[in-house]
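Notes to accompany the following structure.
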Amino acid sequence: MEKKRGSFSSKMGFVLAAAGSAVGLGNIWRFPYLAAKYGGGIFLLIYLILTVTFGFTLMITEIAIGRKTGLSAVGAFQALDKRFKFVGYLACLVPFIITPYYCVIGGWVIKYFVTFLTGHVGDAASDTYFTTFTSLTGSPLLWFTIYVLLTAIVVAFGVERGIETASRVIMPILLVLIVGVTIYSITRPGAAEGVKYYLLPDFSKFSATTVLAAMGQLFYSLSLAMGIMITYGSYMKKDNPLEKSVRQIEIFDTCVAFLAGMMIVPSVFVFSGGNEEALSKGPSLMFITLPKVFDNMTLGGIIGAVFFLLVLFAALTSSISLMETNVSIVRDKFGWDRGKGTVIVGIYVLLMGAVVSLGFGPLSFIKILGFGILDFFDFVSNSVLMPIVAILTCVCIGFFVGTKTVEDEVEINGKFKIKKFYRVMVKWVAPICLVMILVFAISEALGLISV
């Protein structure tokens with residue numbers, strides 16, 4: 001067991017690692033889909049407003065909790081108030097549920113990257129390629145295993161040598177790639193209409209549903225309510241300015257989401273003749289629609305390979321943070337060293353992920369509340385547990401522990417510039433909004449409402 005808890009070596013190392021956690025598959029395909037579905041520019045405007053209010057409040061709370069206690073979620077909540085120890089356990093459940101199925105999708109990304117890299121663009125663009133591939137047994141499991149091993153190797157090297165080093169390399173490359181593909185995308189013939197739809201707010205399309213959808217995307221995009229930011233906060237040095245770091249993380253994450261929309265929306269508009277429905281939800285956008293777009297694009301094979309490479313980088317930074325959180329939890333609980341913790345968690349992810357992967361093939365007959373295996377895990381973690389954890393976190397800090405706990409932690413590095421605003425947000429605005437998200441998400445998933 002390490003003599004002391006690991007830490008990030010620098011302020012920028014922490015920001016890049018935390019931003020890497022936030023930047024993931026949700027930014028690359030969920031954000032563009034939602035932006036197209038909920039009015040383009042008006043969705044983007046609402047999302048930006050919520051980032052600097054709602055998102056800031058939740059993120060600074062979690063990072064401050066982690067840095068103050070120096071513990072992962074269970075220990076952190078217990079240290080704050082023993083009555084809220086159960087919230088730590090709920091938060092811990094989230095990454096343990098998400099990591100296996102997230103790694104399955106990561107394996108799909110590697111498969112598509114290799115497919116484009118080897119020149120099989122036409123194959124990937126066929127209507128049946130994705131469903132045929134995922135329904136197999138051996139091939140999806142192989143790519144999934146490779147992805148898990150890549151993630152586990154980084155985590156095994158620790159906070160500074162593994163996570164921070166990987167983030168310092170991956171994040172700048174990801175940013176360069178996404179800027180390059182975005183420039184190419186918006187300069188294609190006919191892309192101007194897609195850019196206009198994406199950037200110019202149409203207030204006639206404003207609705208409560210649009211606001212709730214933007215809240216939900218922000219909530220998931222910033223890696224909140226799953227113990228990740230508490231864990232990363234526990235690795236944060238006291239001389240790192242907390243408020244400034246949170247702003248930098250939000251800027252980085254929002255820029256990637258914005259550029260992903262700019263990269264995907266105009267391209268699909270060109271390909272579909274302005275049909276917003278072409279931006280379909282879930283895996284079909286990334287693994288069915290976009291390969292068709294690349295197949296009809298000049299230099300599409302090269303652009304497609306670069307696109308899936310940047311998606312792979314984005315996915316890896318998030319899965320690294322998910323697995324690191326899992327490892328941190330078991331190490332804090334059982335006192336294991338990093339190597340043993342990583343191996344145990346890695347085996348768990350491989351076993352659970354295999355079940356998820358086979359859920360598209362031999363185990364496709366299994367349905368839970370009408371959901372397939374992956375969709376059920378996604379529903380439980382994203383639509384149920386994460387909002388509940390966030391609500392309870394706000395209640396814990398706002399009404400039991402006291403906002404002064406977070407405020408004092410922030411003010412170690414100087415004045416908390418928006419202290420009064422933070423108090424109102426964490427005690428009243430954030431919990432109310434989170435309850436609305438919880439009700440909305442569950443109702444939508446169960447088919448009680450149609451949006």
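Quick note: numbers below take in every heavy atom, side chains included, and nothing from hydrogens, waters or symmetry partners.
The nearest pair of heavy atoms linking Leu50 to Leu218 is O-CD2, 3.3 Å. Residues Ala225 and Val94 come closest through the heavy atom pair O-CG2, 3.8 Å. Minimum heavy-atom separation, Val265 to Gly194: CG1-O, 4.0 Å. Minimum heavy-atom separation, Cys394 to Leu434: SG-CD1, 4.1 Å. Listed here is the closest heavy atom pair of Pro32 and Asn27: CD-O, 3.4 Å. Contact between Met229 and Leu222 at its shortest, heavy atoms only, is CE-O, 3.5 Å.
Remark: of the listed residues Ile173, Val109, Ile178, Ile178 is the sole one forming a side-chain contact (heavy atoms from CB on, under 4.5 Å) with Leu310. The side-chain contact (heavy atoms from CB on, under 4.5 Å) test with Phe360 is passed by exactly one of Phe133, Phe130, Trp108: Trp108. For the side-chain contact (heavy atoms from CB on, under 4.5 Å) with Asn326, the lone residue among Ser321, Cys92, Pro95, Ser72 that qualifies is Pro95. In summary, of the residues considered (Tyr198, Phe43, Phe31, Phe252), a ring-ring contact (aromatic ring centres under 6.0 Å, His included) with Phe258 occurs for Tyr198 alone.
Under a 3.5 Å cut-off, the side chain of Ser234 and the backbone N or O of Thr231 do form a donor-acceptor pair. For Arg67 (side chain) and Glu409 (main-chain N/O), a donor-acceptor pair under 3.5 Å exists by modelled atom type. Side-chain N or O atoms of Thr182 include one that pairs as donor or acceptor with a backbone N or O of Leu259 at under 3.5 Å. Not a single donor-acceptor pair under 3.5 Å links the side chain of Thr132 to the backbone N or O of Tyr129. No donor-acceptor pair under 3.5 Å is formed between the side chain of Thr210 and the backbone N or O of Phe206. Looking at Tyr197, its side chain never comes within 3.5 Å of a backbone N or O of Ala192 through a donor-acceptor pair. Side-chain atoms of Thr131 come within 3.5 Å of backbone atoms of Thr128 as a donor-acceptor pair (strictly under, hydrogens ignored). Looking only at distances, a side-chain donor or acceptor of Ser381 sits under 3.5 Å from a matching main-chain atom of Phe377. Side chain of Ser185 to backbone of Val181: no donor-acceptor contact under 3.5 angstrom is found. Judged by distance alone, the side chain of Tyr147 and the main-chain N or O of Leu316 form a donor-acceptor pair under 3.5 Å.
Defined by atom type and a distance below 3.5 Å, a donor-acceptor pair is missing between the side-chain atoms of Gln217 and Tyr33. Looking at Glu250 and Thr254, their side chains never bring a donor and an acceptor atom within 3.5 Å of each other. Inspection of the Asp123 and Thr115 side chains reveals no N or O donor paired with an N or O acceptor under 3.5 Å.
For residues 40-61, every residue pair satisfying the side chain to side chain donor-acceptor pair (under 3.5 Å) rule, not counting sequence neighbours, is listed here: Thr61-Tyr422. Residue pairs meeting the salt bridge (Lys or Arg N to Asp or Glu O under 4.0 Å) criterion with at least one member in residues 127-138, sequence neighbours excluded: Asp127-Lys292. Under the salt bridge (Lys or Arg N to Asp or Glu O under 4.0 Å) criterion, no residue pair touches residues 132-144, with sequence neighbours excluded.
Partners of Phe376 under the ring-ring contact (aromatic ring centres under 6.0 Å, His included) rule, at least two apart in sequence or in another chain, do not exist in this structure. Applying the salt bridge (charged side-chain N to carboxylate O under 4.0 Å, His left out) rule to Lys419 yields the partners Glu411; only residues at least two apart in sequence or on another chain are considered. Among residues two or more places apart in sequence or in another chain, the salt bridge (charged side-chain N to carboxylate O under 4.0 Å, His left out) test is passed with Glu62 by none. A search for salt bridge (charged side-chain N to carboxylate O under 4.0 Å, His left out) contacts involving Glu243 returns nothing, not counting sequence neighbours. In this view, Phe113 satisfies the ring-ring contact (aromatic ring centres under 6.0 Å, His included) rule with no residue, not counting sequence neighbours. Under the salt bridge (charged side-chain N to carboxylate O under 4.0 Å, His left out) criterion, Arg188 pairs with no residue, sequence neighbours left out. Under the side-chain contact (heavy atoms from CB on, under 4.5 Å) criterion, Ile251 pairs with Cys255, not counting sequence neighbours. With sequence neighbours excluded, no residue forms a ring-ring contact (aromatic ring centres under 6.0 Å, His included) with Phe144. Phe308 pairs by the ring-ring contact (aromatic ring centres under 6.0 Å, His included) definition with Tyr112, Phe116, not counting sequence neighbours.
In this structure, Phe294 and Leu299 have side chains that are not in contact, with every pair of non-hydrogen atoms separated by 4.5 Å or more. Ser319 places none of its side-chain heavy atoms less than 4.5 Å from the side chain of Thr99. No side-chain heavy atom of Phe96 sits less than 4.5 Å from a side-chain heavy atom of Met352. Between Ile373 and Tyr101 there is no side-chain heavy-atom pair separated by less than 4.5 Å. At a threshold of 4.5 Å between non-hydrogen side-chain atoms, the residues Asp375 and Phe379 do not count as touching. A heavy-atom distance below 4.5 Å is found between the side chains of Leu374 and Ile105. Ile42 is listed as a side-chain neighbour of Phe203, based on a closest heavy-atom distance under 4.5 Å. Using a 4.5 Å heavy-atom threshold, the side chains of Val268 and Leu290 count as touching.
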- For side chain to side chain contact (heavy atoms under 4.5 Å, CB included), just list the numbers for Ile65 and Ile397, CA-CA rounded to whole Å, side-chain angles, deciding distance to a tenth of an Å, and then say yes or no. CA-CA 9 Å; Ile65 289 172; Ile397 296 298; 4.0 Å; yes
### side chain to side chain contact (heavy atoms under 4.5 Å, CB included) between Ile63 and Ile230, worked out
CA-CA 5 Å; Ile63 294 177; Ile230 294 176; over 6 Å; no
Are Met263 and Ile186 close enough, and set up right, to give a side chain to side chain contact (heavy atoms under 4.5 Å, CB included), and what steps lead you there? CA-CA 7 Å; Met263 171 178 61; Ile186 63 177; over 6 Å; no
Q | Derivation of the side-chain hydrogen bond (donor to acceptor under 3.5 Å, both in side chains) call for Asn413 and Asn240 | A | CA-CA 7 Å; Asn413 310 106; Asn240 194 338; over 6 Å; no
For a side chain to side chain contact (heavy atoms under 4.5 Å, CB included) check, start with the C-alpha distance between Ile98 and Asn382, then their side-chain angles and the critical distance, and finish with the verdict. CA-CA 9 Å; Ile98 291 178; Asn382 287 351; 3.9 Å; yes
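For the atom pair CD1 (Ile146) and NZ (Lys111), the distance works out to 10.5 Å, reported to the nearest 0.5 Å. For the atom pair CD of Glu407 and CD1 of Ile60, the computed distance is 10.0 Å after rounding to the nearest 0.5 Å.
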